[in-house]
Undergrad: 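For reference, the structure I am asking about is given below.
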Amino acid sequence: MVNTKINLKEIIRKEFQSNNILKNPSVLTESYVPEYLLFRENEVTEIARHFGRYARGIHPGHLLIHGPPSTGKTHAIKLVIKTYTEFVKENDINSKILYINCKDRTYYQTLITLLHNLGINFPERGLGIGEAIDALVTYLKNSEERPIFVFDEIDKLKKTYKDKEDPMNALIYRMSRLDEVIDKEGPLIVMISNKANILERIEHATIAKFIPRTLYFREYNSEELFEILRDRAEKALLPGSFDDESIRYLVELIKQNEKDLRWGFKILTEAALRTSEKLTKEIINEAMKSVERNILHTTINSLTNHQLVILWSIAFLEENKILPVTGEVYQTYKLVCEELGWRPRSMRHVMHYITPKIESIGLITSREKGLGRGKGRTLVFHLTENSHIILKTVEMVLSERLHRKFDPKEIPEILQITIQQRR
Ligand SMILES: Nc1ncnc2c1ncn2[C@@H]1O[C@H](COP(=O)(O)OP(=O)(O)OP(=O)(O)O)[C@@H](O)[C@H]1O
């Protein structure tokens with residue numbers, strides 16, 4: 001349908017012809033792997049040495065790379081993979097690296113991806129984990145190749161209702177015990193995670209065999225962030241379109257808001273698109289608001305309807321100064337489901353699958369709380385963003401999905417009564 005009120009072509013033309021200072025946008029995107037990482041010489045060298053030793057025929061032990069988000073773990077490994085691949089080719093060494101990002105993959109899907117990347121013909125469906133491991137074992141037994149398996153974002157493996165064990169532990173356990181079943185040295189395994197407590201999350205029985213060498217990527221300080229951002233801005237923006245002051249301001253915002261480089265690159269891109277002259281603090285502020293709105297909307301939009309209602313319930317409780325503990329959250333969720341005419345998921349399902357998913361994408365945190373002697377334990381949830389903004393964004397997303405206004409007006413009253421009754 002042609003819209004008569006606005007001239008769409010004109011809008012597109014204006015945007016197309018608009019002058020801005022972004023001369024090389026790809027440099028600020030996630031897929032751009034820089035040729036070097038500033039302040040990471042030691043870490044990159046350590047990984048390269050480790051792999052070099054392996055190429056020579058010595059198994060140097062497995063690696064666990066960890067550290068906060070956006071500290072260069074993925075790009076460090078990618079830089080080494082690129083060079084290693086060139087090196088083994090040039091020197092006729094029978095070795096290759098398989099890199100797999102585990103985010104949103106189940107343990108089974110991760111195994112299948114690994115098999116396919118190794119060139120093993122294995123059906124996507126129909127067979128189970130046992131068969132997938134057997135196929136891998138057969139391949140490794142018959143191959144002279146020395147492979148390196150890199151599993152990035154291991155803590156983001158998706159748990160399914162069929163999983164009896166934690167998928168991350170299962171993956172590490174299996175991969176590090178391959179040598180026992182192939183009767184020779186197993187592959188070199190590299191695991192990467194940005195979870196602070198990753199070592200504690202790996203079970204004893206697993207770590208006992210995995211025994212990795214750990215490599216920690218520490219957070220950047222303000223001066224380092226400044227150097228990295230300035231270096232990237234020089235490659236991405238027109239010369240003379242920014243000064244040190246604007247980059248320092250961006251660093252200040254990163255630190256103030258406890259954000260990271262990835263966030264900084266997004267703001268730099270958005271700010272650069274908004275001007276054809278020079279970056280100013282005002283433009284950076286406007287860009288930050290727009291980026292924040294977008295990030296939150298995209299994150300929230302990635303949730304399923306039931307996950308959204310749980311998130312809404314937590315936000316709703318926080319907004320009304322009621323501590324969002326397990327029981328209260330579930331009660332609110334059930335009331336909203338009733339209003340919507342949905343069949344609520346069980347409490348077990350919510351606590352095992354829904355809240356962990358919302359936690360894994362960083363919208364909430366949880367901690368255990370004792371209920372008093374002999375009364376067991378419950379979880380207390382906490383939003384990582386402002387409750388009002390979350391509430392409004394979830395309402396907007398659900399309204400879009402349901403094609404009607406999501407505005408559960410009945411809830412506050414019913415909830416107050418229920419809570420009072422319980423007390
Ligand atoms: N030292 C550095 N020098 C230049 N760019 C860097 C540096 N560290 C990180 N970056 C850039 O920051 C972005 C995030 O880096 P990367 O994806 O490697 O982080 P990560 O530690 O793997 O993050 P996560 O744990 O969230 O997956 C990338 O664009 C990367 O190029």
Side-chain angles (χ1 to χ4, degrees), residues 22 24-48 63-84 97 99-105 110 149-158 168 190-199 201-202 212 214-237 242 247 250-251 253-255 257-272 291 295 298-299 302 359-363 365 384:
L22 194 58
N24 204 352
S26 67
V27 167
L28 295 174
T29 60
E30 190 77 39
S31 52
Y32 173 83
V33 182
E35 278 166 26
Y36 52 87
L37 289 177
L38 294 164
F39 314 108
R40 286 294 182 233
E41 292 83 2
N42 291 344
E43 291 80 357
V44 175
T45 307
E46 178 96 18
I47 304 171
L63 257 187
L64 175 69
I65 300 178
H66 65 127
S70 269
T71 49
K73 301 179 295 297
T74 300
H75 281 188
I77 202 86
K78 287 201 168 165
L79 277 178
V80 183
I81 291 178
K82 189 164 169 263
T83 316
Y84 185 85
I97 305 184
Y99 170 91
I100 299 172
N101 192 311
C102 302
K103 190 174 176 188
D104 292 332
R105 285 197 164 104
T110 305
F149 298 165
V150 179
F151 298 99
D152 202 351
E153 306 206 54
I154 41 161
D155 50 275
K156 310 243 168 34
L157 273 165
K158 209 159 65 178
M168 179 185 84
V190 182
M191 302 277 176
I192 308 176
S193 167
N194 64 19
K195 286 279 169 290
N197 58 350
I198 188 68
L199 275 164
R201 286 174 62 174
I202 306 176
T214 56
L215 193 54
Y216 183 68
F217 280 56
R218 60 171 177 78
E219 207 156 322
Y220 298 115
N221 61 33
S222 296
E223 205 42 45
E224 290 167 338
L225 283 177
F226 169 73
E227 293 288 342
I228 297 171
L229 281 164
R230 189 175 58 179
D231 180 67
R232 212 53 88 85
E234 271 164 12
K235 295 186 173 74
L237 312 188
F242 65 96
I247 303 292
L250 183 53
V251 171
L253 290 179
I254 295 178
K255 286 287 177 193
N257 293 285
E258 296 178 13
K259 298 290 183 182
D260 53 34
L261 262 180
R262 209 173 272 131
W263 188 80
F265 290 156
K266 282 206 175 92
I267 292 177
L268 202 54
T269 308
E270 183 61 35
V291 165
I295 293 178
T298 313
T299 314
S302 72
E359 192 162 0
S360 78
I361 59 171
L363 287 170
T365 56
T384 54

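As the structure lists them, so they are numbered: ligands from 1, and atoms in each ligand from 1.
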Undergrad: N/O of R40 under 3.5 Å from N/O of ligand 1, yes or no?
TA: no
Undergrad: Distance to 0.1 Å, residue and atom name: give those for the protein heavy atom nearest to atom 10 (N) of ligand 1.
TA: L261 CD1, 3.5 Å
Undergrad: Ignoring angles and geometry beyond distance, decide whether I228 reaches within less than 3.5 Å of ligand 1 through its nitrogen or oxygen atoms.
TA: no
Undergrad: Report, in ascending order of atom number, the atoms of ligand 1 lying under 4.0 Å from any heavy atom of T71.
TA: 8 (N), 19 (O), 20 (P), 21 (O)
Undergrad: Can you check which of V44, L37, L38 brings a heavy atom nearest to atom 1 (N) of ligand 1?
TA: L38
Undergrad: Can you see whether Y36 engages D231 through a side-chain donor-acceptor pair at a distance of less than 3.5 angstrom?
TA: yes
Undergrad: Just go through R262, K103, E153 and tell me whose heavy atom is the nearest to atom 24 (P) of ligand 1.
TA: R262
Undergrad: Of all the non-hydrogen atoms in the protein, which one sits nearest to atom 23 (O) of ligand 1, and at what distance?
TA: S70 N, 2.8 Å
Undergrad: Heavy-atom distance to atom 2 (C) of ligand 1: which of W263, F39, Y220 wins?
TA: Y220
Undergrad: Below 4.5 Å, heavy atoms only, C-beta onward: do F151 and L157 meet side chain to side chain?
TA: no
Undergrad: Check whether any N or O atom of K73, backbone or side chain, sits under 3.5 Å from an N or O atom of ligand 1, and answer yes or no.
TA: yes
Undergrad: Just to confirm my output: which protein heavy-atom neighbour is closest to atom 22 (O) of ligand 1, and how far is it?
TA: T74 OG1, 2.7 Å
Undergrad: Does this structure show an ion pair linking E35 with K235, if we count only N-O contacts that are shorter than 4.0 Å?
TA: no
Undergrad: Heavy-atom contacts with P34 under 4.0 Å: which atoms of ligand 1 show up? List them by number with element.
TA: 31 (O)
Undergrad: To the nearest 0.5 Å, what is the distance between CE on M191 and CD1 on I198?
TA: 9.5 Å
Undergrad: Looking only at atom types and distance, does a side-chain atom of K73 sit under 3.5 Å from a main-chain N or O of P68, one as donor and one as acceptor?
TA: yes
Undergrad: What are the atoms of ligand 1, with element, lying closer than 4.0 Å to any heavy atom of N194?
TA: 24 (P), 25 (O), 26 (O)
Undergrad: Among all protein heavy atoms, pick the one closest to atom 30 (C) of ligand 1 and tell me residue, atom and distance.
TA: H75 ND1, 3.1 Å
Undergrad: Between H66 and F217, is the ring centroid distance below 6.0 Å?
TA: no
Undergrad: Would you mind checking which non-hydrogen protein atom is closest to atom 29 (O) of ligand 1, with the distance to 0.1 Å?
TA: F265 CE1, 3.5 Å
Undergrad: Taking a cutoff of less than 4.0 Å between a non-hydrogen atom of the residue and any ligand atom, is R232 in contact with ligand 1?
TA: yes
Undergrad: To the nearest 0.5 Å, how far apart are CD in E359 and OG1 in T384?
TA: 10.0 Å
Undergrad: Please say whether more than 12 non-hydrogen atoms of neighbouring residues, nucleotides or ligands are located less than 6.0 Å from NZ in K255.
TA: yes
Undergrad: Side chain to side chain contact (heavy atoms under 4.5 Å, CB included) with V80: which of I97, I47, V190?
TA: I47
